[in-house]
Amino acid sequence: MRSSSSSSSNPKPDGSTTLFVPDLCNPSALSLLVLFAELLVLILLFAGGPLSWMRLALMSLFVQWVALCSACALCLLRPWLNRLPLVLAAVLAFVVVLSVTGVMGVLADRLMSQQPAVDWLSIAGQLVIAGIIAGLALRYFFVQQQLRAREQAELKSRLQALQSRIRPHFLFNSMNIIASLIAVDPDTAETVVEDLSELFRASLNETGNQVRLVDELDLCRRYVRIEQLRLGDRLKVAWDLAAHEDLSIPLLSLQPLLENAIYHGIQPRADGGLVRVRLERDEQEVRISITNPLPAAESAGSSGNRMALGNIRSRMEVLYGNRAGLEARRDGDEFITRLYYPLDAAGGGSRL
């Protein structure tokens with residue numbers, strides 16, 4: 001979850017979080033800063049003193065210079081501040097704002113005042129106002145950082161909850177296959193163990209990771225090899241794949257869909273059937289469809305089917321928003337699952 005106007009905090013060895021110092025150098029942040037500074041000017045203008053265009057102009061000039069110079073200083077110091085402990089970073093940011101305000105106050109006093117001495121009382125008032133505003137702003141940034149950290153934690157937990165795992169029945173069947181093959185065909189049994197270990201290694205990988213599409217398809221083929229040992233000639237898989245060597249995909253996005261197609265579409269049928277995997281791409285998105293036959297006595301919308309599809313759909317929406325999704329529909333005696341996501345997120349010569 002990245003933003004052009006923010007940066008996530010860096011974890012510290014002691015477990016503390018750093019101050020969330022936003023990027024105040026980008027145009028959108030500067031525009032908001034100028035707007036809020038001018039609103040502050042209007043508040044101060046109506047709070048006391050005579051109303052005049054000259055007073056508005058002078059106050060705007062002073063407040064805008066303080067705001068822009070403070071933003072520039074914090075922007076330059078931001079990488080360093082975000083590496084410091086929270087309290088120290090907050091204190092230093094607060095001191096930076098007060099220092100800029102003090103320097104600008106002295107310069108403004110020397111340029112505008114006819115008195116030989118600096119009006120320290122006026123500058124003290126400016127420092128009080130700047131301190132209140134800086135304190136509120138730092139508190140706001142801290143709360144935003146905490147909320148963002150919580151959102152990141154919730155996002156990771158959600159992805160972990162939605163991450164598809166190897167089903168217990170599949171593990172049980174695979175272990176039975178291995179046990180039955182050890183005595184009669186040890187080489188095939190060894191291959192099954194290798195395929196199963198790769199599937200489990202993938203299921204334990206970091207949640208939400210993107211992998212090469214060729215690697216995800218390799219997991220799918222490993223899974224199909226294991227299932228073909230169990231289902232025999234009842235299971236047939238046809239692969240219709242466009243050029244995909246440069247594409248990426250979230251880990252374990254296709255294998256659960258293929259497992260779902262075999263478990264709900266092939267296994268219940270006495271004569272088995274054909275599962276078709278088709279990949280298409282254009283300049284905007286990648287589309288992958290998996291088609292399987294429907295058992296005559298079973299609805300396409302079984303609860304297990306809906307749960308698996310809902311999990312994958314939620315994962316894609318969390319990762320890509322409304323630019324990705326998962327569609328499932330019944331077409332005659334077939335069930336079609338269609339996964340799509342943006343090409344720029346999949347690679348295709350663009351930055352991931």
Side-chain angles (χ1 to χ4, degrees), residues 3-7 9-10 16-148:
S3 171
S4 61
S5 60
S6 63
S7 172
S9 61
N10 300 321
S16 62
T17 53
T18 60
L19 177 68
F20 180 83
V21 180
D23 183 5
L24 297 174
C25 291
N26 66 75
S28 60
L30 286 176
S31 299
L32 289 175
L33 183 64
V34 170
L35 176 61
F36 287 130
E38 198 60 33
L39 289 176
L40 175 62
V41 169
L42 294 177
I43 293 173
L44 295 176
L45 182 66
F46 287 103
L51 298 178
S52 67
W53 289 110
M54 181 60 68
R55 186 164 177 259
L56 173 63
L58 292 176
M59 290 182 64
S60 297
L61 181 63
F62 176 76
V63 172
Q64 293 292 354
W65 268 106
V66 170
L68 292 175
C69 290
S70 298
C72 182
L74 290 177
C75 182
L76 294 175
L77 295 174
R78 177 170 170 260
W80 178 63
L81 289 175
N82 278 336
R83 290 194 296 267
L84 297 177
L86 172 62
V87 175
L88 180 58
V91 170
L92 290 177
F94 187 79
V95 169
V96 166
V97 175
L98 291 187
S99 300
V100 171
T101 303
V103 171
M104 296 302 298
V106 172
L107 290 176
D109 182 83
R110 291 297 82 203
L111 289 174
M112 302 300 299
S113 177
Q114 303 296 326
Q115 303 297 326
V118 176
D119 187 356
W120 294 108
L121 183 61
S122 176
I123 294 177
Q126 296 167 3
L127 291 175
V128 169
I129 295 175
I132 294 174
I133 300 299
L136 292 174
L138 292 174
R139 175 62 181 175
Y140 171 78
F141 294 150
F142 171 74
V143 171
Q144 288 295 308
Q145 186 270 338
Q146 294 294 92
L147 290 175
R148 189 172 295 274

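Hydrogens, waters and symmetry mates are skipped; everything else that's a heavy atom, side chains included, is used.
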Quick one: list whatever passes side-chain contact (heavy atoms from CB on, under 4.5 Å) with [X], sequence neighbours left out.
| X | result |
| --- | --- |
| Leu61 | Trp65 |
| Val91 | Val87, Val95 |
| Val128 | Ile132 |
| Thr101 | Val66, Val97, Gln126, Leu127, Ala130 |

To the nearest 0.5 Å, tell me how far [X] [atom1] sits from [Y] [atom2].
| X | Y | atom1 | atom2 | result |
| --- | --- | --- | --- | --- |
| Ser99 | Leu92 | OG | CG | 10.0 Å |
| Leu76 | Arg78 | CG | CZ | 11.5 Å |
| Leu107 | Ile123 | CG | CD1 | 9.0 Å |

Which pair of heavy atoms, one from Ala89 and one from Leu84, lies closest together, and at what distance?
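Scanning both residues completely, I find the closest heavy atoms to be CB-CB, 4.1 Å.
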How would you list, by chain and number, every residue that makes a side chain to side chain donor-acceptor pair (under 3.5 Å) with Gln64, sequence neighbours excluded?
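Side chain to side chain donor-acceptor pair (under 3.5 Å) check on Gln64 returns Glu38.
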Ignoring hydrogens and angles, write down the donor-acceptor pairs under 3.5 Å from the side chains of residues 39-47, residues two or more places apart or on other chains.
none

